[in-house]
Amino acid sequence: MIELEGMPELIDPVMVAAFEGWNDAGDAASGAVAHLDREWKGEVFAALDAEDYYDFQVNRPTVWLDNGVRKITWPTTRLSVVRIGGAKPRDLVLVRGIEPSMRWRSFCNEILGFAHELGVEMVVILGALLGDTPHTRPVPVSGVTSDADLARTMDLEETKYEGPTGIVGILQEACTHAGVPAVSLWAAVPHYVSQPPNPKATLALLNRLEDLIDIRIPLGELPEDARAWQLGVDQLAAEDSEVAEYVQTLEEARDTADLPEASGDAIAREFERYLRRRDPAAEPGDASYLRDPSSGLPRPPKRKPDVSGEDPQPPAAPPPDEDTPPEV
């Protein structure tokens, strides 16, 4: 286990995690965390030891040249911190990596070790799955938790799923057993256009994250990328009559299911989001406080005690569409 040394006290920190692989259809979830890291200029302060968790025949390292010198990048999971400025500053601990190949309980314990050391108040894990949803409609994003109290207070679904799961579900249950509030946000990606990237699903996850933890996320070019993605899929679907007919069937089913959402409460939620987006943009993050003032280099990690708890149990799958974000 790893412990951070000389880390300052963070402001209302929330950990946001995403993992490439089985839980990341269209790279929507990992793309969302990458966007946060890029927009707020996150600074990596730790990385898990790749030897402990990855099968390199499954996730192979890559070789690259740096001024003629060959270097190797190993598949791993990295953590960074960004500070969100503005009237209500707060910190995000970003976790981005690849779903581990082995030792999942140890992997989750190590992530929780960072969460405890940094005083993380809540863990939000992003995921994306393939579903029967049309690309022409708003991306369904479901919020689920294993905590009944959290489900009531944050208007989330309590998980009921039984069956195979991935690292998103395992980490959520590990958080619950360790007493750390945890939420999973799932975006549904059209199964007939599953290849990455899917900026529309990424945008939907970020919109829901904004609502969940009450922050303003600079979106940059993501809305335009989402519109371009939808136009491109429109053109491809129009070239095949069978695909176009199938999309129309999905649209009709989705519109029928969404009729109850055309209510005063749903309209009020969207209007609140619109007003929130009219506020001045949040200031870029400043991760310079992660550096040792004497050397200007990132502070080194030290060893940390184990924080293992009860063996994680299988998590729940995303519930039916709920609190759908606006169409982009």
Practice item. Indicate the atoms forming the closest heavy-atom contact of Leu205 with Leu185, along with that distance. Key: CD2-O, 3.7 Å

Review point. Out of curiosity, does Val141 fall in the hydrophobic cluster containing Met122 (side-chain heavy atoms, cut-off under 4.5 Å, transitive links)?
Key: yes

Point to revise | Least distance between heavy atoms, Pro218 atom then Glu39 atom | key: O-CG, 3.6 Å

Review point. Which atom pair, heavy atoms only, marks the closest approach of Gly31 to Thr202?
Key: C-CG2, 3.8 Å

Exercise for review: Over 60° means perpendicular and under 30° means parallel, so classify the ring planes of Tyr246 and Tyr192, tilted if in between.
Suggested key: perpendicular

Point to revise | Salt bridge present between Arg90 and Asp214 (N-O < 4.0 angstrom) | key: no

Practice item. Treating Ile, Leu, Val, Met, Phe, Trp and Tyr as nodes and any side-chain heavy-atom pair under 4.5 angstrom as an edge, say whether Leu209 and Leu94 lie in one connected cluster. Key: yes

Exercise for review: Flag the pair Pro75 / Tyr53 as yes when at least one side-chain heavy-atom distance between them is below 4.5 Å, and no otherwise.
Suggested key: no

Check your understanding: Are Glu224 and Arg227 close enough for a salt bridge, meaning some N to O gap below 4.0 Å?
Key -> yes

Review point. Side-chain heavy atoms under 4.5 angstrom apart, residues restricted to Ile, Leu, Val, Met, Phe, Trp, Tyr: same cluster for Phe56 and Phe107?
Key: yes

Practice item. Quick one: pull up OG1 in Thr145 and CE in Met154 and give me the separation to the nearest 0.5 Å. Key: 9.0 Å

Exercise for review: Output, in order, the C-alpha distance, side-chain angles, deciding distance and verdict of side-chain contact (heavy atoms from CB on, under 4.5 Å) for Ile98 and Ser30.
Suggested key: CA-CA 9 Å; Ile98 304 170; Ser30 59; over 6 Å; no

Review point. Transitively linked via ILVMFWY side-chain contacts under 4.5 Å: Leu250 with Val189?
Key: no

**Study point:** Residue pairs fulfilling salt bridge (charged side-chain N to carboxylate O under 4.0 Å, His left out) with at least one residue in residues 56-75, sequence neighbours excluded
**Key:** Asp66-Lys71

Point to revise | Taking every non-hydrogen atom, the tightest pair across Leu112 and Ala174 | key: CD1-O, 3.6 Å

Review point. Do you know the tightest heavy-atom contact between Arg78 and Val44?
Key: CB-CG1, 4.2 Å

Check your understanding: Honestly curious: do Val233 and Val139 fall in one hydrophobic cluster under the side-chain, below-4.5 Å linking rule?
Key -> no

Review point. What pair of heavy atoms forms the shortest contact from Leu219 to His35, and how long is it?
Key: O-CE1, 3.2 Å

